[in-house]
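All remarks here apply to the structure that follows.
All values reported here derive from a predicted model rather than from experimental measurement.
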Amino acid sequence: MALAGACTAIPSTRSIPVAAAAPLPVSPKPEAPAPRAHLAVTQARQQPSPALVATIQTLGRQFNGRVGIAVQRVDAGWTVTHNGDQLFPQQSVSKLWVAMTMFDAIDRGKVSLDTPVTIRPGDLTLFHQPIAAMVKGEGYKTTLRDLLFRAMQQSDNTANDSILRTVGGPEAVRGYLARRFFGPETIRFGPGERMLQSQTAGLTWSQDMAMGRRFYTARANLPRSAREKALDAYLANPIDGAAPTAIVRALAKLKKGDMLSPSSTQALLAIMGDAKTGPQRVKAGVPEGWTYVHKTGTGQDLSPRSTGYNDVGIMTAPDGTSYAIAVMIGETTVSIPERWALMQSVARAVAALHRK
């Protein structure tokens with residue numbers, strides 16, 4: 001998927017003031033109110049700040065487009081949402097489930113990061129696939145480790161589809177998600193990049209479309225009415241759709257170690273932390289001292305509409321508290337900087353209201 005290369009500066013949103021918490025006595029007397037104050041603070045952290053609820057819902061309502069937002073505090077379990085239970089196109093966010101399925105196969109001893117793989121011309125897909133430049137002659141010989149980095153950090157479609165074939169195809173991913181209690185009513189996994197993108201464009205895939213700009217030419221030669229019909233059908237019932245609430249629940253489970261083994265969890269989070277895609281999305285709103293590990297997704301455009309513009313990840317405060325975040329723009333006509341501004345505002349709100 002082609003990545004936006006602009007670096008337009010986004011004005012910072014107004015900071016939301018945060019009141020400092022009063023320190024608790026070290027050894028309160030029995031009759032002192034300190035124990036009750038401590039209980040009140042503990043209980044407050046088990047539910048979202050009303051200000052955060054209001055901010056997230058306002059951001060969603062005021063955005064010119066269909067958007068789903070979800071924020072879950074990992075240690076407390078509460079979730080704040082706007083359109084959180086609706087299904088939105090994932091696009092390359094779905095690479096996250098392929099990576100998890102691969103690590104699950106590693107945990108079960110089926111494959112390893114050093115498992116050899118050869119990428120041949122017949123394996124190429126479309127849109128963003130930097131690995132295509134290396135596929136010559138007998139193909140490009142590599143390993144699952146290399147493909148994983150390419151898929152998760154560069155969002156390389158061919159690398160991702162190769163991993164998908166190695167772990168058993170779409171059914172293996174769906175099976176993995178089902179074993180973690182995520183069914184198609186909350187997280188769907190599509191048929192792979194070639195079928196997903198050609199169907200969304202109103203085309204029937206043929207492998208020659210992977211060469212050069214043949215896919216773009218075939219798509220451009222379609223009547224606009226055919227493209228609109230196909231895109232409308234996809235947006236109404238996305239075959240790769242997912243609910244923001246389900247995505248943040250899965251990310252929270254990943255952070256807690258409930259999706260993979262400890263070593264696989266650590267490895268995947270580290271790879272997500274070095275993602276090169278979407279630097280101006282949620283990540284640009286994360287304050288200094290915080291960290292953000294994530295996966296982006298970007299769908300097809302049919303001017304003036306853009307679809308599937310997403311960023312999901314885990315944002316962690318200096319004190320170690322983590323929040324799973326999903327911002328999924330299903331459809332919009334606003335500029336890329338306006339989409340960035342929405343995503344950054346979500347990150348700033350989470351940080352500003354962290355202790356509220």
Side-chain angles (χ1 to χ4, degrees), residues 1-16 55-71 81-84 86-94 126-128 154-155 157 196-197 200-202 213 215-216 219-220 224 227-228 230-232 234-236 238 240-242 244 247 275-287 292 294-313 315 325-352:
M1 198 69 65
L3 301 179
C7 294
T8 306
I10 305 299
S12 298
T13 55
R14 179 174 58 89
S15 297
I16 303 173
T55 301
I56 295 301
Q57 293 180 353
T58 298
L59 287 170
R61 286 194 303 267
Q62 292 182 347
F63 182 74
N64 185 13
R66 180 170 172 261
V67 62
I69 306 171
V71 176
T81 72
H82 171 79
N83 291 337
Q86 297 180 21
L87 295 181
F88 289 81
Q90 293 182 79
Q91 292 296 319
S92 287
V93 164
S94 65
L126 70 170
F127 296 146
H128 193 65
Q154 302 176 20
S155 211
N157 290 333
L196 170 65
Q197 302 302 345
T200 300
R213 295 189 60 83
F215 178 87
Y216 295 92
R219 187 177 65 177
R224 184 178 176 90
R227 287 197 61 192
E228 288 180 339
L231 186 61
D232 288 343
Y234 169 63
L235 293 173
D240 66 335
I247 290 178
K276 305 300 187 291
T277 61
Q280 293 295 329
R281 298 190 191 188
V282 171
K283 188 173 184 177
V286 176
Y292 184 59
H294 67 130
K295 184 69 194 76
T296 58
T298 308
Q300 296 186 47
D301 291 349
L302 181 58
S303 183
R305 291 190 291 171
S306 294
T307 64
Y309 199 84
N310 309 320
D311 196 358
V312 309
M315 184 172 157
I325 295 175
V327 184
M328 308 183 74
I329 301 175
E331 180 181 5
T332 188
T333 59
V334 306
S335 68
I336 288 176
E338 290 175 273
R339 297 174 227 166
W340 289 346
L342 168 68
M343 293 178 166
Q344 293 167 19
S345 293
V346 171
R348 292 189 180 106
V350 169

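Closest approach of V67 to N83, counting heavy atoms only: O-ND2, 2.9 Å. Summarising the geometry of G285 relative to Q344, their closest heavy-atom pair is N-CG, 3.7 Å, with the distance given to 0.1 Å. Nearest heavy-atom pair across F127 and R219 is CZ-NH1, 3.8 Å. Annotation for R224 and P304: closest pair NH2-CD, 4.2 Å, computed over non-hydrogen atoms. The two residues F88 and P238 come nearest to each other via the heavy atoms C-CG, 4.3 Å. When every heavy atom of P287 is checked against every heavy atom of M315, the shortest pair comes out as CD-CE, 4.0 Å.
The backbone N or O of P89 lies less than 3.5 Å from no partner atom in the side chain of D240, so there is not a single donor-acceptor pair. In this structure a side-chain-to-backbone donor-acceptor pair under 3.5 Å is present from H128 to Q154. Judged by distance alone, the side chain of R281 and the main-chain N or O of N310 form a donor-acceptor pair under 3.5 Å. For the pair T332 (side chain) and N64 (backbone), a donor-acceptor distance under 3.5 Å is present. Under the 3.5 Å distance criterion, the side-chain polar atoms of Q300 are matched with a main-chain donor or acceptor of Q197.
Note that CG of D311 is 10.5 Å distant from CE of M328, once rounded to the nearest 0.5 Å. Note: I336 CD1 to S306 OG = 6.5 Å, rounded to the nearest 0.5 Å. Taking CG from L87 and CG from L235, the interatomic distance works out to 12.5 Å, rounded to the nearest 0.5 Å. Rounded to the nearest 0.5 Å, atoms NZ (K295) and OG (S94) are 8.0 Å apart. Going from atom CD of E331 over to atom CZ of R305 covers 4.5 Å, rounded to the nearest 0.5 Å. Remark: T307 OG1 to R66 CZ distance equals 11.5 Å, nearest 0.5 Å.
For the residue pair T277/T296, the side-chain donor-acceptor check at 3.5 Å is satisfied.
Scanning for ring pair (Phe, Tyr, Trp, His ring centres under 6.0 Å) contacts around F63 gives an empty result, with sequence neighbours left out.
Looking at V346 and L59, their side chains come closer than 4.5 Å, going by heavy atoms from C-beta outward. You'll find the side chain of Y216 stays beyond 4.5 Å of the side chain of L126, heavy atoms only. Contact of the I329 side chain with the M343 side chain is registered, since non-hydrogen atoms from C-beta on lie closer than 4.5 Å.
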For V312 and V327: C-alpha separation, side-chain torsions, deciding distance, then whether side-chain contact (heavy atoms from CB on, under 4.5 Å) applies. CA-CA 6 Å; V312 309; V327 184; over 6 Å; no
